[in-house]
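Down below is the structure, laid out as C-alpha cells.
These numbers were taken from a predicted model, which means no experiment stands behind them. All chains are named by letter (A, B, ...) in the order of the sequence lines, taking the proteins before the strands, and each is independently numbered beginning at 1. Because only heavy atoms are used, hydrogens play no part in the values below, and waters and symmetry mates are left out as well, while side chains stay in.
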2 protein chains.
Amino acid sequence: MVSIKDIAKEAGVSISTVSYALNGNPKVTAETSSRILAIAKELNYVPNAAARNLKKRETKLIGAFLTDYFGAFYGDLLQGMKEVLNKNGYDLIVCSGTPSHRLLPEKMIDGAIVLDSHFQNEELLKYAERGHKLVVLDRELHHPNISQVLLDNKAGATLAIEYLIENGHRKIYVVKGPKDSFDANQRLQAVIQTIERNEPIEFIEIQGSFIKSSGEKAAEQIINEYKEPVAVFCLNDEMAIGIYNAVAKTDLRIGEHIHLIGFDNIELTQYTQPTLATIDYSKHKWGAAASDQLLKLIAGSKVEPERIYVKLVPGESVQMRQTLR
Amino acid sequence: MVSIKDIAKEAGVSISTVSYALNGNPKVTAETSSRILAIAKELNYVPNAAARNLKKRETKLIGAFLTDYFGAFYGDLLQGMKEVLNKNGYDLIVCSGTPSHRLLPEKMIDGAIVLDSHFQNEELLKYAERGHKLVVLDRELHHPNISQVLLDNKAGATLAIEYLIENGHRKIYVVKGPKDSFDANQRLQAVIQTIERNEPIEFIEIQGSFIKSSGEKAAEQIINEYKEPVAVFCLNDEMAIGIYNAVAKTDLRIGEHIHLIGFDNIELTQYTQPTLATIDYSKHKWGAAASDQLLKLIAGSKVEPERIYVKLVPGESVQMRQTLR
DNA sequence: TTGTATGCGTTATCAA
DNA sequence: TTGATAACGCATACAA
C-alpha cells in the first residue's frame, strides 16, 4: 500500500512536506505542492483511514442503529439523515444488531442515531457518560451528550381518536404496541386521555406488537365479538395491514363494519382497498433533524430537543357511523 | 480515553503484558492476567479501533453498497448478509451514495458487497486492482479479487413469458428496465429468445426504468393502444405496481383485459387486487451467498461465482386468454 | 519554505 | 513470565 513515505521518496522531499501538500497547507510552495499532488495521483495514493482516525481522533462517520433492515419505513428516514450528513462532510453507515454496537465505544464512528428498541437505555447512558454523542429517536433520555428528536405521538393519537369520534363512533378498540415501546406508550396515553374527555365511549384495549401478525390476531378477537359497527385504532400501520388481511377472510368489510385508522403512513397504505386512514409525518425531516442535532452535539453547540409534527390522513377505511340501520 | 497505558500503570506492569492479557495470550500468568482484566473492566477499557486497525491492517467490517435505502426489497437481503458475517466475526455496515465509496480505498472496511448501479465498473476494477475484495450482485466482472452472485435472470424471464404463452396470450408487451442495468438486459435477452421460439407473437417493447412511475407511463401507452386483451411482462414488480395504479383509473381490469406479470416478488405484491404473478427468489439466500463469497475471497480461498435460482409465482393477474368473446 | 522529531494506541518482536 | 521497544501511517509543533 502506498503511503506518504513513498510519495516523499519519489518527490525527493520529507514526509511532512507531503502531508502539508496533501492537506493544502499554504506553507508549501505551489510548485512543490503540485509536483507532490501529481505524484500522489500517479501512485494512486489514498490516505489510510486508520492512521488518520488515530491521529485526528475522528472518523467523519455517523452510525444509524436500527432494529432491523425491514420496512420501507426506513428509506426516507435514512435518506434525510444522509443528505444532511454528506452536506457537512460526514458519511452515514447503517447498522443493526448488538455486535455492531462496538463501533461506538471503539470510536469507529463519531456519533450515533438510535432507532432500535433492542438498544438498552443503560447501554446508551454508559456510552454518553464516556463522551460519545448520541441522538435517540425512540425514547426520552436526559444527558448532556444525548439529544432526541421525537414524534409528536400524543398529537397524532389524539387526532386519530377524535377523527373516529367525529365520525360518530362510540365503540373503539385500540391495538397497542410493545409494552417497552416509547412511541406506543405515548400514543396509548393520549388515546386514554382523549377517550376520557369524550365519555361515554366503550373502549377496549388489545395487546399488539407492531407487527402484521399481531394485527391479524387482534382482528380475530374483534371479529368474534362483532355485533355492530366498531372503530379500531391500530397504533401503527403494519398492524392495520394485518387487520385488512384477517377481515378480508370474513363477510365484514373495512370502512363499513370495521372502521380502521393506523399510524405512520407507510407506503403500503396507498395500495390497500379501501385506503387506510392514518397519521402522517415527514420521515425525511425526521432523519434530517436527527443528523442536525447530532452534528450540533459533536460541534459542542447547545441543542434543544426537537419534535416532529404529525397530521391526519383521512381514508376510506373510516366512514360516518350509520346510527340507524 | 483510557488506554492500555493506563491499565499498565494501574496494574504496575508494562503495556505489553497488558496487551497479552487482553488478547488471552497464554504467556502471561493466570494471576496477573485476571488482575489486569479486572482493572480493565473497572476502568471501562475498550480497545481503540483506529489503533488496532492500523496495526492489524483489518477492521472486521464489511460494507454493503446500495443504490438507495428504499424498497422493502433490501430487508431480507441485508439480513442474509449480516447473519453470515456476524457468525464469522465480521460486522456489516450499509452505505449508499458516492461519498461513501471512500471507505474501501481508505481501508475502513475489509471488503464490499455491491448492488448499486451508480457504482461504475471502472471504479470497482480499480479497487480490485489495488487488492480490495469485492462481491458484485448486479453485474459480471472478471478479476481475481471480484466474485459475483447473480440472479438467474434468464430463467426467470423465460418462465414469465412461457407462463403468458401457456395462458394463450399472443400479444405481449415488455416494460423494460434501465438500459445500463445488467439484470434488465439479461431478462430482456431471455424474453426475446423465448418469443422467437414461440412465433408468431406480437411483441412490443416499452422503455421503463424500474421505478413505479415508469410503469404508470407504460400503462398509458398500453391503454391507448388497447383493442383486445393483452399480456404485459414488467421486468420488475415496482413497475407492475405502476400499471395497477394507472389501470385502476380506467374501465380496463388487470387479469381480464390486461394480463400482468412482474419480477422480484416484493412484499407489496401480496396486497394488490388481484394478486400479481411474479418471479420469486430467496433474497435471504442471495445475501448469505454474497457474504460467503466475500469471506472466502478475503481468506484467499478459490471461489466459484454463484447463481441464485428463481421460480414462478402464479397470480390472479394472469388468466387464460378468452379467444372467443 | 522545508525537514526533524514526536505521538496517537495497538501489536508483536526480541531481550531480559 | 514479563518488559523495552519498534512499527503501523499520518499530522503537527518546532527547528532549520
Side-chain angles (χ1 to χ4, degrees), chain A residues 1-37 39-40 43-61 102-110 130-132, chain B residues 1-37 39-40 43-61 102-110 130-132:
Chain A
M1 199 79 312
V2 34
S3 78
I4 55 171
K5 206 185 275 180
D6 302 302
I7 302 179
K9 197 179 294 173
E10 185 73 17
V13 296
S14 78
I15 59 162
S16 49
T17 306
V18 174
S19 179
Y20 288 139
L22 255 24
N23 292 306
N25 192 314
K27 293 201 285 187
V28 58
T29 332
E31 188 182 18
T32 342
S33 181
S34 67
R35 189 161 52 89
I36 290 174
L37 260 30
I39 293 176
L43 297 183
N44 283 322
Y45 170 77
V46 179
N48 178 300
R52 183 162 33 72
N53 296 344
L54 180 58
K55 187 67 189 178
K56 304 200 65 166
R57 300 159 155 285
E58 63 173 10
T59 64
K60 292 290 181 184
L61 244 39
R102 69 177 175 98
L103 299 193
L104 198 54
E106 290 184 356
K107 296 174 101 29
M108 203 107 71
I109 53 182
D110 293 348
R130 294 188 200 166
H132 300 290
Chain B
M1 199 79 313
V2 33
S3 77
I4 53 171
K5 207 184 273 181
D6 303 300
I7 302 180
K9 197 179 294 173
E10 184 73 17
V13 296
S14 79
I15 59 162
S16 36
T17 306
V18 174
S19 178
Y20 288 138
L22 256 22
N23 292 307
N25 190 316
K27 292 201 288 188
V28 57
T29 333
E31 186 183 23
T32 338
S33 180
S34 66
R35 188 161 54 90
I36 290 174
L37 259 30
I39 293 176
L43 296 183
N44 283 322
Y45 170 78
V46 180
N48 178 299
R52 182 161 31 73
N53 296 344
L54 179 58
K55 189 65 188 176
K56 303 202 66 166
R57 299 158 158 286
E58 64 171 10
T59 64
K60 292 290 181 184
L61 244 40
R102 69 178 175 95
L103 300 193
L104 198 55
E106 291 184 355
K107 297 174 102 24
M108 203 108 70
I109 53 181
D110 293 346
R130 294 188 200 166
H132 300 291

Quiz item: Using a cut-off of less than 4.0 Å, is there contact between a side-chain N or O of B/N23 and OP1 or OP2 of C/dT11?
Solution: yes
Practice problem: Report yes or no: does B/R35 contribute a side-chain atom to a donor-acceptor pair with the main-chain N or O of B/A11 at less than 3.5 Å? | Solution: yes
Quiz item: Can a side chain N or O of A/R57 be found less than 4.0 Å away from OP1 or OP2 on C/dG9?
Solution: yes
Quiz item: Which nucleotide, D/dT12, D/dC10, C/dG9, lies nearest any side-chain atom of A/L54?
Solution: C/dG9
Quiz item: For the pair made of CD in A/E58 and P in D/dA11, what is the distance, rounded to whole Å?
Solution: 11 Å
Quiz item: Has B/Y45 got a side-chain N or O lying under 4.0 Å from the OP1 or OP2 atom of C/dT10?
Solution: yes
Practice problem: In sequence, state the C-alpha distance, the side-chain angles, and the governing distance for B/K60 and A/R102, and then conclude on side-chain contact (heavy atoms from CB on, under 4.5 Å). | Solution: CA-CA 12 Å; B/K60 292 290 181 184; A/R102 69 177 175 98; 4.0 Å; yes
Exercise. Please answer whether the main-chain N or O of A/M108 pairs with a side-chain N or O of A/T59 as donor and acceptor at a distance below 3.5 Å.
Key: yes
Quiz item: Would one find a side-chain N or O of A/T17 under 4.0 angstrom from OP1 or OP2 of C/dT2?
Solution: no
Self-check item: Closest listed nucleotide, where the reference is the side chain of A/A51 and the choices are C/dT10, C/dG3, D/dG9
Solution: D/dG9
Quiz prompt | Any B/T32 side-chain N or O less than 4.0 Å from OP1/OP2 of D/dT2 | solution = yes
Quiz item: OP1 or OP2 of C/dT11 sitting under 4.0 Å from any side-chain N/O of B/S19?
Solution: yes
Quiz prompt | For atom CE of A/M1 and atom C1' of D/dG9, their distance in whole Å | solution = 12 Å
Quiz prompt | Donor-acceptor pair under 3.5 Å, B/K55 side chain vs C/dT11 base | solution = yes
Quiz prompt | 5'-most by nearest nucleotide on DNA chain C - B/K27 or B/A50 | solution = B/A50
Quiz item: Contact class for B/V46 vs. all strands (heavy atom < 4.0 Å): base, sugar-phosphate, or nothing?
Solution: sugar-phosphate
Practice problem: Compare side-chain N and O positions of B/K5 against OP1 and OP2 of C/dC8 and report whether any pair is under 4.0 Å apart. | Solution: yes
Exercise. Looking at every strand, decide which applies to A/S16 at a 4.0 Å heavy-atom threshold: base, sugar-phosphate, or nothing.
Key: base
Quiz item: Which whole-number value in Å describes the distance from A/E106 CD to C/dG9 P?
Solution: 15 Å
Quiz item: Should A/T17 and A/S14 be marked as a side-chain hydrogen bond (donor to acceptor under 3.5 Å, both in side chains) after you check the CA-CA gap, both sets of side-chain angles, and the distance that decides it?
Solution: CA-CA 5 Å; A/T17 306; A/S14 78; 3.3 Å; yes
Quiz item: Considering only side-chain heavy atoms of A/S3, which listed nucleotide, D/dC10, C/dT11, D/dT2, is closest?
Solution: D/dC10
Practice problem: Round to the nearest Å and state the distance from A/D6 atom CG to D/dG9 atom C1'. | Solution: 10 Å
Quiz item: CD1 of A/I4 versus P of D/dA11: gap in Å, rounded?
Solution: 6 Å
Quiz item: Which whole-number value in Å describes the distance from A/I15 CD1 to D/dA7 C1'?
Solution: 13 Å
Quiz item: Between the base of C/dT10 and the side chain of B/Y20, is there a donor-acceptor distance below 3.5 Å?
Solution: no
Self-check item: Donor-acceptor under 3.5 Å (A/N25 side chain, A/K27 main chain)
Solution: yes
Quiz item: Rounded to whole angstroms, how far apart are CD1 on A/I36 and C1' on D/dC10?
Solution: 15 Å
Practice problem: Using only side-chain N and O atoms of B/R52, determine if any of them is under 4.0 Å from OP1 or OP2 of D/dC8. | Solution: no
Quiz prompt | Donor-acceptor under 3.5 Å (B/N48 side chain, B/A50 main chain) | solution = yes
Exercise. Give the rounded distance in Å between these two atoms: CG of A/L43 and P of D/dG9.
Key: 15 Å
Quiz item: Is any side-chain N or O of B/S14 closer than 4.0 Å to OP1 or OP2 of D/dG3?
Solution: yes
